[in-house]
Amino acid sequence: MHGTISHIDTGEAAGGVLTIDCGALTDNYRLLRAQVAPARAAAVVKANAYGLGALDVVPELIAAGCRDFFVAHLGEALELLPTLREAHGTPGEAEPHLYVLNGLMPGSEATCAAAGIIPVINSLSQLARWAGTAAARGEKLPAVLQFDSGMSRLGMAPADAEAIIRDGLADTLDIRAIMSHLASADEPDNPQNDDQLRVLRAIAAAFPDALVSFANSGGAFLGADYHGALARPGIALYGGAPTAARENPMRPVVRLDVRVIQTRSVPAGARIGYGGAFVATSPMRLATLAVGYADGLPRCLGNRGAAWFEGVRLPMVGRVSMDSLIVDASALPEGALVEGALVELIGPHQSLDELATAAGTISYELLTQLGRRYHRRYR
Ligand SMILES: *Cc1c(COP(=O)(O)O)cnc(C)c1O
């Protein structure tokens, strides 16, 4: 390969290297599938597969046997459609399906029907429009009916179930599943889980022939009562902890290493970064790293977060800038960190969840904010 190009391929042109371990991703899929068996396991790949790259993640999951993919927007589904068809490619095998969680927006019925995308129906008006589209086309269109079991975010009211049956409102549709979403699945002891389960069970009884889809990542670890027939894990696939305050059973998928762009020694009293938000109390060795809030590193990590190098913690000092931040490298021997070296932000010494906690946020937000400037390596 041409020298310059191979240089860029190894990431020297970027401020950091984001490594996505596809083996760990598919291991996590299999672990979740085993966890919810005999239920099927879908994959939630909204928001570009939580920032990891849906076009790369979906073919891996298809190869691992996943056939059900949930996104938030119709636009996301349309973007994924060619990849889904191409990655599948084997006639005779079960076809993959794409579901749109945010519902069926007015005017999108024809596009959705023509593309074979399955809307999650969240209101009676969406149901009427989709049933009308099916009647006009003279075909049974597939749908998932979502009910709000107690989160007050999306879905029809539990009382609507009865009317749907009584008035035959879904008779022109092929109901693939009855669905609801858990608000507190990452907290196994939260009584809201049980409350929601009871509500969903009563609704599901009205649709005895339909599958039930309930569990997200956390729900997969709440016990068999919560598994339904089609689980919808997202974060756990990507290595995030499905349950708060418990050991994470998932394999890490993401590793983030960022480049040292300058090192310096400063005397006691030196002001570090914007606003002099850190003042050296003793002579310090500093390293400036090529990552900032434009790359998705929350600004609140300033003076709180850390990077790691060969097992040594390097505390962030001063504010996070747009394109860089400064760490205290005094714990390392002089000369250990050089320009161009890579230090770890997410990896064996600092998990995704640990970095998220340090930033006062959750793994989901950290992953979906990962910037576009990293060199991405899929292993
Ligand atoms: C995002 C989402 C999921 C996936 O949740 P995780 O906690 O990431 O497993 C499942 N179902 C719905 C409706 C969602 O919005």
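Along the sequence shown, the residues carry numbers beginning at 1. Just so you know, these numbers come straight off a predicted model, no measurement behind them. Whatever order the structure lists ligands and atoms in, that order sets their numbers, starting from 1.
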Check Q146, R232, R176 against S213 for a side-chain hydrogen bond (donor to acceptor under 3.5 Å, both in side chains) and give me the one that passes.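 Checked Q146, R232, R176 against S213; only one passes side-chain hydrogen bond (donor to acceptor under 3.5 Å, both in side chains): R232.
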In plain terms, say whether D68 and R40 are close enough for a salt bridge, that is, a side-chain N and a carboxylate O under 4.0 Å apart.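 Judged by the 4.0 Å cut-off on N to carboxylate O distance, D68 and R40 do form a salt bridge.
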Enumerate the atoms of ligand 1 whose separation from the nearest heavy atom of [X] is less than 4.0 angstrom.
X    : answer
P233 : 9 (O)
S217 : 6 (P), 9 (O)
Y364 : 6 (P), 7 (O), 8 (O)
M179 : 13 (C)
K46  : 1 (C), 2 (C), 3 (C), 14 (C), 15 (O)
R153 : 15 (O)
I235 : 6 (P), 8 (O), 9 (O)

Applying a 4.0 Å heavy-atom criterion (strictly less than), which segment of [X] is in contact with ligand 1: side chain, backbone, both, or neither?
X    : result
Y50  : side chain
R232 : both
V44  : side chain

Stepwise salt bridge (charged side-chain N to carboxylate O under 4.0 Å, His left out) check, D295 with R372: CA-CA 7 Å; D295 304 292; R372 299 157 172 264; over 6 Å; no
With no hydrogens and no angle check, just 3.5 Å: does a side-chain donor-acceptor pair link D328 and S330?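 Per modelled atom types, D328 and S330 side chains form a pair under 3.5 Å.
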Are any of the N/O atoms on G234, whether in the backbone or the side chain, positioned under 3.5 angstrom from an N/O atom of ligand 1?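 The answer is yes, given that G234 and ligand 1 share an N or O pair closer than 3.5 Å.
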Short N/O distance, under 3.5 Å, between Q146 and ligand 1?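 Not met; the criterion fails.
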Please list the nearest protein heavy atom to atom 5 (O) of ligand 1 with its residue and the distance rounded to 0.1 Å.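 The answer is N216 CB, 3.5 Å.
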Criterion side-chain contact (heavy atoms from CB on, under 4.5 Å) against L154, the qualifying member of V120, N102, D148: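 With L154 as partner, V120, N102, D148 yield a single side-chain contact (heavy atoms from CB on, under 4.5 Å), made by N102.
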4.0 Å heavy-atom contact, M151 with ligand 1: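 Distance cut 4.0 Å: M151 fails for ligand 1.
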Looking only at heavy atoms, which two atoms of Q196 and M151 are closest? And how far apart?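 Where Q196 meets M151 most closely, the heavy atoms are NE2-N, 4.1 Å.
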With under 30° as parallel and over 60° as perpendicular, where do the rings of Y99 and F70 fit, or are they tilted in between?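 Y99 and F70: parallel rings.
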What verdict does the side-chain hydrogen bond (donor to acceptor under 3.5 Å, both in side chains) test give for Q192 and S184, after you've listed the backbone C-alpha separation in whole Å, the side-chain angles of each residue and the deciding distance to 0.1 Å? CA-CA 7 Å; Q192 189 176 12; S184 303; 2.7 Å; yes
With sequence neighbours left out, what residues match H349 under side chain to side chain donor-acceptor pair (under 3.5 Å)?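 For H349, the residues satisfying side chain to side chain donor-acceptor pair (under 3.5 Å) (neighbours in sequence not counted) are E344.
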